[in-house]
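Have a look at the structure below before the remarks.
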Amino acid sequence: MCEQKWFFEYALLPSEKLKSHDRKTIEPCDKQGKRIVIGKFKSVTKDKLILCNSQISQEDKLPPLINALKTSAEQNAASFHFPGHNRGQAAPSSLTQLIGVKPFLHDLPELPELDNLFSPEGPILDAQQQAAKLFGSLETWFLVGGTTCGIQAAIMATCSPGDILILPRNSHISAISAMVLSGAVPRYIIPDYNFDWDIAGGVETAIRELEMEGQKPAAVFVTSPTYHGICSNLSEISKLCHSQGIPLIVDEAHGAHLGFHPQLPSSALQQDADLVVQSTHKVLCSLTQSSMLHMLGNIVDRERICRCLQTLQSTSPSYLLLASLDAARCQLSKNPKAVFNKALKIAVEAKDMIKELAGISVLDFQSFPKFPTVDPLRLTVGFGQLGLSGYEADEILYKEHEIICELVGTRSITYAMNLGTCREHVERLVSGIKHLVSSRTLIKGDEAAGGRVRVGTAAPFAEITRSLNPRDAFFKRKRRVSIEDCIGEVSGEMICPYPPGIPVMIPGEIITEKALDYLANVRSKGAVISGASDPQLSSILVCNG
């Protein structure tokens, strides 16, 4: 009973916060124009607590979308609809041998009883409302196009052609494609950068540039947490934005779990962001490609968001992806405060053990002192004192110990802890790094700081000059130029090491020697270069003059 009451009060907290900040809200409507109430209560009453307990009891049975999918799949129906495998009757044997036939049985189209993603009135609407209550938003949309789709929709819903969008230069590639789609004009801010780690941080102080803008931007876009778990102070940024009536969009792809445990940083919604996009599949447990878009406040037009999502999302959404979002929400809502206890404990133990190893460093908040916190479920390990790049260390750990990381960098490896992380795997990781240390000779001083793994003394995107807007450059006629002759030309393609998918070159920017050197360096260390039409990087597409 205590846990259920805590969940109800937690779900109400962001709505109470809205009231305390006197921020207006909009109640969404269904097709009949009836108001849809999403977590908008004034106080915890006995009746409402009973209602919430009743909902939790129902969730213990089956979440609404899961229940609808199960019921439909169990029908003894004569099926004359898509998809072509016909409820598994013609499922390819090569795949059923791997995953069985059940996924095909539940791979159903938009049947009436399963609701419509673009105009939900039944189980999808119910599932999205319950997600909104849990995460503390005014309204939540399920996404089957990943967080990329949500970021594109958020920027398109706030920016029209020619509008200014303020965003960090290390934003994900999806923000760049959103500017191509929307016609927004970027005003980049350079994030804090740690050269010892070759890692970009957040935009704590740089966002102050907003106050000096002569033209009011249409929106501000921030990534928090970053791929490495570095969190910006979104409360201060949102206050600054809202003082000028500007919406704050947060790419929280790596932070769907934030705010659900005292040891975790606050979520973007808890810090009053207007639009928040989360990859529910990263630390939480939905299927890959499934995400959520949350809205808070009334700065953004919800109908425009709906239109953008309908433009971007498939008209044949996967109900397996949609159901997995409902299931992940249900899994978290049963005990949101305790569900991360094991993962957090294992993560802390792993960091403590690895910190004790000679020649190994662990990224923490001291590496980025301007920022409030680092996600404790991200473990970034540096190997510079061993004379190894992240790529070299990762190859050894994978080949000799079958350890698979989340992200490899020039000087570090990042490991993602989540609800499925087990102690046995953490012990293998620690053992593998110990073995790596024992087989190497420590290097010191300048050699350790630079040596074989030195990348440079500036962020690869620190010195940029934009000649064309991303949209204009995207549609501009192109020609191919050799890598030796492209310096000073206007880039016609987006080129970035992946992951994390942060572009070094963006269409419309003037190509610099520094950017080319950075790409050559990380490629020589083993990075995969995404976006280049010439995978060997012997030539680049540039815009015609």
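On a predicted model such as this, the values are computed, not experimentally measured, just so you know. Side chains included, hydrogens not; waters and symmetry mates left out as well; all remaining heavy atoms used.
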| Any side-chain heavy-atom pair of Met505 and Ile540 under 4.5 Å | yes
| task | Return yes if some donor-acceptor pair links the side-chain N/O of Arg466 with the main-chain N/O of Gly508 below 3.5 Å, else return no. | result | no
| query | Which pair of heavy atoms, one from Leu269 and one from Phe135, lies closest together, and at what distance? | reply | CD1-O, 3.3 Å
| query | Is the shortest heavy-atom distance from the side chain of Leu516 to the side chain of Cys486 under 4.5 Å? | reply | yes
| Distance from His254 atom NE2 to Asp375 atom CG, nearest 0.5 Å? | 10.5 Å
| task | Provide the closest heavy-atom pair for Pro376 versus Leu344 in the form atom of the first, atom of the second, distance. | result | CG-CD2, 3.6 Å
| said: Is it true that, when you exclude Glu395 itself, more than 12 heavy atoms of the residues, nucleotides or ligands shown sit nearer than 6.0 Å to its CD? | reply: no
| Any sub-3.5 Å donor-acceptor pair from Thr147's side-chain atoms to Ser279's backbone N or O? | yes
| query | Hey, does the side chain of Gln152 reach the backbone of Ala178 with a donor-acceptor pair shorter than 3.5 angstrom? | reply | no
| Looking at residues at least two apart in the chain, or sitting in another chain, which of them share a side-chain hydrogen bond (donor to acceptor under 3.5 Å, both in side chains) with Glu252? | Gln278
| note | Scanning both residues in full, the closest heavy-atom pair of Leu321 with Ser290 reads O-CB, 3.9 Å
| Side chains of Thr410 and Ser389: is there a donor and an acceptor less than 3.5 Å apart? | no
| message | Using a 3.5 Å distance criterion without hydrogens, assess whether the side chain of Lys478 forms a donor-acceptor pair with backbone atoms of Ala473. | response | yes
| Under a 4.5 Å cut-off applied to non-hydrogen side-chain atoms, are Leu379 and Leu429 in contact? | yes
| Donor-acceptor contact present, side-chain Arg187 to main-chain Leu167, <3.5 Å | no
| said: Would you say that more than 12 heavy atoms from the other residues, nucleotides or ligands in this model lie under 6.0 Å from the OH of Tyr415, or not? | reply: yes
| field | Partner set under side-chain hydrogen bond (donor to acceptor under 3.5 Å, both in side chains) for Ser533, not counting sequence neighbours | value | Arg480, Glu493
| message | To check you understand the geometry: which heavy-atom pair defines the closest contact between Arg304 and Ser160, and what is its length? | response | NH2-OG, 3.1 Å
| task | Could you tell me whether a side-chain N or O of His172 sits under 3.5 Å from a main-chain N or O of Ser174, the two making a donor and an acceptor? | result | yes
| task | Mark yes when over 12 heavy atoms from residues, nucleotides or ligands other than Glu349 sit less than 6.0 Å from its CD; otherwise mark no. | result | yes
| said: Using only atom types and a distance under 3.5 Å, with no angle test, would you say the side chain of His401 pairs donor to acceptor with the backbone of Leu397? | reply: no
| query | Under 3.5 Å, side chain of Arg440 to main-chain N/O of Gln385, donor-acceptor pair present? | reply | no
| message | I'd like to check Leu537 versus Arg523 (side-chain heavy atoms, cut-off strictly below 4.5 Å). Are they in contact? | response | yes
| Could you state the interatomic distance from CG (Asp394) to NZ (Lys399), rounded to the nearest 0.5 Å? | 10.5 Å
| request: Determine yes or no for a side-chain-to-main-chain donor-acceptor pair under 3.5 angstrom, with Lys476 supplying the side chain and Pro507 the backbone. | output: no
| Hey, are the side chains of Ser412 and Leu363 touching, using non-hydrogen atoms and a 4.5 Å cut-off? | no
| Is the backbone of His294 close enough, under 3.5 Å, to the side chain of Ser137 for a donor and an acceptor to pair up by distance? | no
| said: Check Glu489 with Arg479, please: is the shortest side-chain N to carboxylate O separation under 4.0 Å? | reply: yes
| query | With a 4.5 Å heavy-atom cut-off, do Ile506 and Arg169 have their side chains touching? | reply | yes
| message | With heavy-atom distances below 4.5 Å as the criterion, would you say the side chains of Ile346 and Lys342 are in contact? | response | yes
| Between Cys405 and Ile413, which heavy-atom pair has the shortest distance, and what is it? | CB-CG2, 3.3 Å
| Are any non-hydrogen side-chain atoms of Leu309 and Trp141 less than 4.5 angstrom apart? | yes
| note | Of all heavy-atom pairs linking Thr223 and Ser232, the shortest is O-OG, 4.4 Å
| request: Measure the CG-CZ distance between Leu258 and Phe340 for me, rounded to the nearest 0.5 Å. | output: 8.5 Å
